[in-house]
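For reference, the structure is listed below as structure tokens.
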Amino acid sequence: MPLQATIGLETHVQLNTRTKIWCSCPVNADAPPNTAVCPVCLGYPGSLPVLNREAVRKTVITGLLLGCEIPKFSKHDRKSYFYPDMPKDYQITQYDQPLCLGGGLEIEVGGRKKYVRINRIHLEEDVGKSTHLASASGIDYNRAGTPLMEIVTEPDLANEDEAFAYLTALKRILQYGDVSHCNLEQGNIRCDINVSVAEAGAKKLGVKAEIKNMNTFRGVHRALAYEIKRQLKAVGQGETLVQETRRWDDDRGVTQSMRGKEDAHDYRYFPDPDLAGIVLTVEQIEAWRSGLPELPDRRRARFVESLGLPEGDAEVLVADKDVADYFEQVAAASGGNAKAAANWVMSEVMRVLSESGENVTSLKVRPGDIGALIRLVDAGTLNSTKAKEVFAILLEEGGDPHEIVKTRGLAQVSDQGAIKAFVRQVVDENPKVVEDYLGGKPAALQFLMGQVMRLSRGKANPPMVLELLKEMLAES
Amino acid sequence: MSDLYAKSLRELRALMDAGDCSSRDIVQSLHERIEAVDGAVGAYLERDLQNALKQAAAADERRAAGEKGAMLGIPVAIKDLLNVKGQSCRCGSKLLEGYVSPYDATCIAKLRAAGAVMYGRVNMDEFAMGASTENSALGLTRNPWDLQRVPGGSSGGSAAAVAADAAIVSLGSDTGGSVRQPASFCGCVGLKPGYGRVSRYGLTAFASSLDQVGVLSKTVADAADTFGCIGGYDPRDSTSVRQALPDVSGAFSGELKGMKVGVAEEFFGVGVDPEVEAAVRKAIEHVAGLGAEIVPVSFPHLQYAVAAYYIIAPAEASTNLARFDGVRYGARVDADDPVEMMKRTREAGFGPEVKRRILLGTYVLSSGYYDAYYVKALKARALIKRDFDQVFSACDVLLGPVSPTPAYRIGEEINDPLTMYKGDICTIPANLAGGSGMSVPCGFSSEGLPIGLQILAPAFSEDRLFRVGHAYEQSTDWHLRKPQLSASRRKTGDN
Ligand SMILES: [Zn+2]
């Protein structure tokens with residue numbers, strides 16, 4: 001039988017709660033080192049943890065979005081190991097009774113759909129951050145006590161593309177649930193990989209390697225591509241692999257052994273006596289369930305069915321929750337022209353976002369403004385060229401679209417008499433072109449049309465120009 | 001008034017209310033008494049007289065402004081493991097040398113708000129591990145009744161200070177008897193409230209599921225007043241209970257009619273010294289004479305208490321004490337890499353008993369041993385809880401000895417940990433079950449050493465302890481006897 005890789009992922013997600021998991025310190029990655037700390041998150045003698053209910057809620061929301069079962073009772077445990085960036089030298093985590101069990105999510109790779117099962121989601125605390133200076137080491141404890149959710153899959157992934165697709169789909173759900181900022185540069189999502197190879201269909205998994213602390217999805221993809229190849233080659237050559245922890249060297253593009261199984265910690269888990277267990281009532285869970293946000297798949301279907309968007313447009317728009325929210329607001333303000341709203345967001349807005357790297361929520365152009373532009377165009381007050389000019393102004397300065405159109409005199413000229421005068425002038429000044437047109441060169445019409453628009457400084461209503469132009473040419 | 005130091009909390013409050021003395025007078029009197037006797041006793045680790053006088057002056061001002069309060073202006077000695085902002089908190093260990101608390105424990109904050117004067121930190125077994133205070137790395141504390149003997153522990157400094165009239169009241173902590181046993185050894189009152197009653201926030205943890213802040217005092221009423229101040233729900237402690245404090249107003253009537261008092265013979269079958277047994281049985285008869293009905297009850301699982309305790313407490317301690325690693329506070333022994341630094345710091349900083357318990361706790365939580373030890377100990381704990389439930393369905397309080405023996409000689413048992421552990425057998429059950437308990441003086445051995453009567457009640461029925469304890473105390477005179485301490489200037493005075 002051919003060899004086949006088996007992959008499981010443990011994804012650590014920092015929750016976007018206002019305060020830390022055990023104390024009221026702010027969760028703030030940008031604060032100067034060791035300023036967002038207190039006796040509790042520094043593990044001072046006598047300090048005690050008190051569970052942040054919002055962190056529980058966000059974890060359960062994630063569980064509900066992933067179809068997990070939410071047990072009525074769960075608890076926290078101490079996981080012991082000595083490390084300078086861990087203030088208490090034990091981590092408060094959840095060992096055998098996590099907040100969420102089971103569930104899963106669908107991914108799509110190369111047009112094939114696959115359901116990836118989740119084993120569990122538990123809620124724990126993040127640790128501090130060590131920095132190594134030339135002569136000394138420093139530890140910043142601002143991060144210590146940030147609520148951290150660990151999402152563990154079953155070993156359902158077969159290759160690096162599936163792992164990548166899983167992480168991408170997961171991130172989208174986390175964004176939709178508003179449970180994490182999902183900022184990878186800030187370490188909001190970090191991943192441990194378990195990977196092994198064995199003969200396809202074998203009952204027992206192969207000897208696994210664990211690759212720790214990956215913080216980009218691309219890194220996961222590359223590390224897996226390398227590691228699977230390495231293991232396939234080793235097993236293919238009849239080597240016996242050892243269970244070990246490996247580190248990904250992104251610069252060199254290789255994984256390296258960190259420690260073997262024999263050096264594995266005995267974490268000595270036991271229930272944390274400082275914390276009472278978490279009891280969730282059915283009513284509480286159902287209340288949270290009824291407030292769940294709409295997931296991307298459902299939203300895409302709704303965009304197609306009730307807004308009449310083409311599949312492709314809907315797919316592009318739901319990819320980012322903030323963009324999709326923005327689009328919905330544009331559509332709502334557009335006077336019913338959802339297609340135009342989609343076009344604006346997909347062309348102008350997304351272009352600006354990709355050029356500036358900005359988030360859609362921080363744009364000066366508000367969705368209502370674009371809706372107003374769509375209505376102005378549809379009403380014939382503004383032509384599409386001028387609408388883009390207004391958009392550019394809004395982007396730079398913000399403001400009220402109607403005001404801008406008015407003060408800058410951008411409104412379309414739809415006055416027959418005025419346009420007729422322009423047309424007359426153009427026909428009179430371009431007898432040769434008129435002759436060409438009458439002689440059977442339709443392209444000449446485009447030129448004449450352009451001349452009329454130029455005379456009107458772009459404000460003439462184009463369909464009206466075309467109509468009057470044709471009329472006048474027929475008469476000549 | 002020169003003997004203010006010898007008075008009870010309630011007497012001093014009456015004097016202050018009558019304008020006959022000030023809080024400053026009391027602090028000054030205590031200071032002189034400590035100077036006179038603590039050289040011999042060694043209860044105090046640190047005192048800041050000027051700071052105490054400042055607190056006392058503030059309390060005097062509040063009283064002058066018309067404020068009344070049970071604790072207003074009363075000096076309280078603090079066991080060295082409670083965090084008091086701006087004070088050291090060494091927990092009887094070398095490892096916390098240099099650590100200054102950045103915050104007040106909740107019980108301290110409550111005392112502060114009530115106008116009590118935090119005066120002096122008293123000695124203890126290192127991290128509360130021990131029953132004689134001999135495990136302190138910071139000095140020896142002696143029993144005021146016999147300076148060759150231990151004061152008990154781990155709150156030995158708290159008990160010795162009160163017994164020597166070198167403190168009015170003191171705070172201690174009770175994980176397996178650490179308030180009641182030293183109270184018994186030193187002849188004072190020792191209260192261990194129900195688990196969850198006094199916030200543990202700011203109490204340096206030994207064993208989180210067993211620790212409870214307690215009070216040592218000269219009288220039962222003083223203990224009740226102090227308890228009334230420090231008790232109550234605290235949102236900073238997830239194991240704190242939301243139950244209201246008991247109404248203790250009826251506890252001081254001296255009336256015991258209608259009360260059912262349980263006696264379990266098992267508590268006398270654990271190698272109790274005949275003199276201790278005689279004194280305790282006599283005390284029980286005395287309580288019956290006050291109108292209580294004696295009810296024989298049984299406590300079948302007492303024999304498992306010590307073993308269960310010495311698995312659960314070290315297991316929790318092994319993780320609670322992990323944080324003392326030299327990284328953020330306290331002493332540090334440097335090394336090239338951080339993990340080596342942590343190792344060396346802990347190796348040098350912890351004393352032998354603390355190391356023994358950390359090893360024990362690490363062992364029982366290790367994979368492969370967890371079920372055999374830790375899980376089994378939890379089962380024994382559940383059985384002991386059930387014993388209490390059955391006992392208290394038949395009676396209101398349970399009476400018995402606190403410690404099988406009176407205070408032993410310094411050095412006598414310290415090298416035999418197992419014998420010492422067994423000495424906790426009568427006090428441990430209340431911690432395992434989360435119940436409340438109290439030690440009240442009930443006699444003396446032929447060698448003149450105090451003996452304590454233990455009163456146990458359900459978790460949040462401390463009022464029953466006060467009622468029985470007060471009635472017994474007020475109809476006997478044990479609590480009025482004082483040790484003969486020759487007032488000799490201590491060698492190294494500090495203030
Ligand atoms: Zn904090």
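We name chains A, B, ... by the order of the sequence lines, and we start the count at 1 in each one.
Annotation for B:Arg112: atom CZ counts as buried by contact number, over 12 foreign heavy atoms lying within 6.0 Å. Counting non-hydrogen atoms of neighbouring residues, nucleotides and ligands closer than 6.0 angstrom, the OH atom of A:Tyr83 reaches no more than 12 such neighbours. When the shell of 6.0 Å around OH of A:Tyr95 is examined, it contains 12 or fewer heavy atoms from other residues, nucleotides or ligands. Heavy-atom contacts from other residues, nucleotides or ligands closer than 6.0 Å to NZ of B:Lys376 number 12 or fewer. Surrounding NZ of B:Lys355 are more than 12 heavy atoms belonging to other residues, nucleotides or ligands, all under 6.0 Å away.
For B:Asn83, the part lying near chain A is the side chain, with the backbone staying farther off; criterion is any non-hydrogen pair under 4.5 Å. Looking at B:Tyr370, the atoms closer than 4.5 Å to chain A (heavy atoms on both sides) all sit in the side chain, from C-beta outward. Heavy atoms of A:Pro84 lying under 4.5 Å from chain B belong to its backbone as well as its side chain. In this structure, chain A has a heavy atom under 4.5 Å from the backbone of B:Ala315, while its side chain stays farther away. Residue contact with chain A, scored on non-hydrogen atoms closer than 4.5 Å, is absent for B:Asp211. In this structure, chain A has no heavy atom under 4.5 Å from any part of B:Ser101. Only the side chain of A:Ser80 comes within contact range of chain B, with at least one heavy atom under 4.5 Å from a heavy atom of that chain.
Put simply, OH on B:Tyr103 and SG on A:Cys38 are 9.5 Å apart, with the number rounded to the nearest 0.5 Å. Atoms CG and CG, on A:Asp266 and B:Leu365 in that order, are 9.0 Å from each other to the nearest 0.5 Å.
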Exercise. Side chain to side chain contact (heavy atoms under 4.5 Å, CB included) between B:Ser367 and A:Arg268: does it pass, once the steps are laid out?
Worked result: CA-CA 6 Å; B:Ser367 88; A:Arg268 308 194 305 280; over 6 Å; no

Problem set entry | side chain to side chain contact (heavy atoms under 4.5 Å, CB included) between A:Tyr90 and B:Arg323, intermediate numbers included | CA-CA 8 Å; A:Tyr90 61 80; B:Arg323 70 189 66 193; 3.2 Å; yes

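Annotation for A:Pro39 and B:Tyr201: closest pair CB-OH, 4.5 Å, computed over non-hydrogen atoms. Among all heavy-atom pairs drawn from B:Tyr195 and A:Pro273, the shortest one is OH-O, 4.2 Å.
Side-chain contact between A:Pro45 and B:Phe127: absent, with no pair of heavy atoms (C-beta onward) separated by less than 4.5 Å. Counting heavy atoms from C-beta on, the side chains of A:Tyr141 and B:Val327 come closer than 4.5 Å. By the 4.5 Å heavy-atom criterion applied to side chains, B:Ser208 and A:Arg78 are counted as neighbours. With contacts defined as side-chain heavy-atom distances shorter than 4.5 Å, the pair A:Lys88/B:Thr319 does not qualify.
For the pair B:Arg236 (side chain) and A:Leu48 (backbone), a donor-acceptor distance under 3.5 Å is absent.
Checked against a 6.0 Å centroid threshold, the rings of B:Tyr99 and A:Tyr44 count as neighbours.
In terms of heavy-atom pairs under 4.5 Å with chain A, the best-connected choice from B:Ser209, B:Ser366, B:Ala207 is B:Ser366. The residue among B:Met342, B:Arg328, B:Met341 with the most heavy atom pairs within less than 4.5 Å of chain A is B:Arg328. Interface remark: of the candidates B:Leu210, B:Val364, B:Val339, B:Asp325, B:Asp325 forms the most heavy-atom pairs closer than 4.5 Å to chain A. Considering only heavy-atom pairs separated by less than 4.5 Å from chain B, the leading option among A:Gly46, A:Ser130, A:Gly43, A:Pro49 is A:Gly46.
For B:Ser238, there are no side chain to side chain donor-acceptor pair (under 3.5 Å) partners at least two apart in sequence or on another chain.
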